[in-house]
Q: 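Got a structure here, written out as structure tokens. Questions coming.
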Amino acid sequence: MSVESATLDVLDRALVRCLQLAPRAAFSLYAAVLGTSEQTVARRYRRLRGEGVVRVTAVLSTEALGQSNWVVRIQCKPSGTAVLAQALAKRADVGWVSISGGAAEVVCVVRSRTAQAREDLLLERLAQTAPVLGVTAAMTLHPYLAGRADDWAGLEHELTPDQERRLRASVGDEQTAVPAAVTQLDPGDQAILDRLVIDGRSTYAQLAAAAGMTEGRAARRLHVLLDRGLAHLDVDISAEAFGWEVSAQLWMTAAPADLEACGQALARIPGVTFAAAITGPHNLMAAVVCRDHEDLYRLVTQQVGAVPGIATLEVSPRMRTVKQAGALVERSRLAN
């Protein structure tokens with residue numbers, strides 16, 4: 001797939017913003033909001049998805065199932081980083097795989113459904129992998145910006161405030177919810193989730209066929225999964241397709257008393273796509289997307305640097321993104 005294959009105009013950008021705000025809304029609603037035809041919206045969406053610019057997916061909440069997310073930094077020989085990153089990206093319980101640290105580090109998010117699966121990966125498999133020189137695993141204690149389809153603010157000005165209100169009002173009971181008490185999945189839920197990971201806009205008929213149930217029951221189970229915070233819809237976007245070509249992870253420390261305020265302040269910075277309190281030598285972590293290196297410099301010095309309470313900061317640029325929330329990445333585009 002050619003990196004230059006996608007030529008994005010104003011309507012394309014506005015449509016992707018619609019997807020961020022209401023990922024499963026009908027094309028007819030997008031058309032009404034954007035002042036165009038439903039056929040045009042459907043055609044544009046198919047092209048954007050086919051060219052790897054955007055993809056709606058679903059992410060299971062491990063917290064709601066009694067587990068936790070871990071941010072893992074794997075130091076390894078530069079000659080082995082690409083192979084290791086690709087192997088990790090193929091695992092269903094691993095997301096957001098990237099190569100950074102001057103090609104000597106792989107960073108990923110581990111969302112194992114059980115403690116045994118997580119321990120098998122972190123304590124056994126990685127430890128026995130030849131290129132690996134060291135592993136640092138940090139538990140996510142509290143997310144400040146995560147689990148939202150619109151967590152990337154690069155397109156927040158593509159729609160008018162009235163257009164955004166119309167879309168947000170349409171979401172209703174499919175809004176992202178805070179995970180409820182620890183619970184279990186019902187039979188068929190996993191099949192629904194597996195289908196949503198492939199295509200978050202799957203119809204109720206497609207979900208029903210995947211789970212072996214009626215359309216009505218599939219619709220009810222989907223609403224339960226979203227309402228109870230057992231899963232959330234995410235919108236994978238190729239930021240580079242929109243001209244945002246530099247991304248990085250920020251590893252920070254703050255005094256415990258300042259941690260909440262610092263995390264909330266980071267979540268309000270437009271270039272930040274993820275922010276959380278974590279365990280380990282750094283107790284704050286953020287992911288950022290910028291237009292270029294100068295933009296990254298301004299974000300670090302003028303915005304992150306202005307947050308009271310942040311004591312130390314390590315900037316680790318991503319050399320290559322191998323996997324996002326639900327899709328492998330090939331030459332900066334989301335693989336179908």
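We're numbering straight along the sequence, starting at 1. Keep in mind the model is a prediction, meaning the values are calculated, not measured.
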Q: Using links of under 4.5 Å between side-chain heavy atoms of ILVMFWY residues, direct or through other members, which residues join Val246 in one cluster?
A: Tyr144, Leu145, Leu250, Met252, Leu259, Leu266, Ile269, Val272, Leu284, Val288, Leu296, Leu299, Val300, Val304, Val307, Ile310, Leu313, Val315

Q: Determine whether Arg201 and Pro23 make a side-chain contact, defined as any pair of heavy atoms from C-beta on separated by less than 4.5 Å.
A: no

Q: Does either side chain, that of Gln190 or that of Asp194, offer a donor lying less than 3.5 Å from an acceptor on the other one?
A: yes

Q: Look at Arg73 together with Glu314 and state whether they make a salt bridge at an N to O cut-off of under 4.0 Å.
A: yes

Q: Using 30° and 60° as the class boundaries, would you call the ring planes of Phe27 and Tyr45 parallel, tilted or perpendicular?
A: tilted

Q: Go through the steps to decide whether Leu21 and Val171 satisfy the test side-chain contact (heavy atoms from CB on, under 4.5 Å), and finish with yes or no.
A: CA-CA 8 Å; Leu21 297 175; Val171 175; 5.9 Å; no

Q: If you count every heavy atom of other residues, nucleotides or ligands that lies below 6.0 Å from His142 atom NE2, does the total exceed 12?
A: yes

Q: Taking the side chain as everything from C-beta on, heavy atoms only, tell me whether Ser98 gets closer than 4.5 Å to Val322.
A: no

Q: Would you say the side chain of Gln324 lies within less than 4.5 Å of the side chain of Val329, judging by non-hydrogen atoms?
A: yes

Q: Answer yes or no: does atom CE of Met213 have more than 12 heavy-atom neighbours from other residues, nucleotides or ligands under 6.0 Å?
A: yes

Q: Taking the basic N atoms (NZ, or NE/NH1/NH2) and the acidic carboxylate oxygens, is any pair closer than 4.0 Å for Asp234 and Arg148?
A: no

Q: Measure across Thr81 and Ala103 and return the closest heavy-atom pair with its distance rounded to 0.1 Å.
A: CG2-O, 2.9 Å

Q: Can you check whether Leu207 reaches Thr203 side chain to side chain, under 4.5 Å on heavy atoms?
A: no

Q: Quick one: are Arg49 and Asp199 in side-chain contact, heavy atoms under 4.5 Å?
A: yes

Q: Is it the case that the side chain of Arg318 and the backbone of Gln249 share a donor-acceptor pair, with hydrogens and angles ignored and the cut-off at 3.5 Å?
A: no

Q: What ring pair (Phe, Tyr, Trp, His ring centres under 6.0 Å) pairs are there with at least one residue in residues 298-336, not counting sequence neighbours?
A: none

Q: Taking Val107 as the starting point, is it possible to reach Val289 by hopping between hydrophobic residues whose side chains are less than 4.5 Å apart?
A: no

Q: Under a 4.5 Å cut-off applied to non-hydrogen side-chain atoms, are Thr136 and Val72 in contact?
A: no

Q: Got a salt bridge between Glu164 and Arg17, using NZ or NE/NH1/NH2 to carboxylate O under 4.0 Å?
A: yes

Q: Just so I know, are the side chains of Leu84 and Leu126 near enough to count as touching, which here means a heavy-atom distance under 4.5 Å?
A: yes

Q: Quick test of your reading of the model: are Arg221 and Asp189 salt-bridged, counting only N-O distances below 4.0 Å?
A: yes

Q: Quick one: closest heavy-atom pair of Ser100 and Pro317, and the distance?
A: CB-O, 3.1 Å

Q: Take Leu155 and Trp244, measure what side-chain contact (heavy atoms from CB on, under 4.5 Å) needs, and give me the verdict at the end.
A: CA-CA 11 Å; Leu155 300 173; Trp244 299 66; 5.9 Å; no

Q: Tell me whether Arg43 forms a cation-pi arrangement with Tyr30, defined as NZ or CZ under 6.0 Å from the six-membered ring centre and within 45 degrees of its axis.
A: no

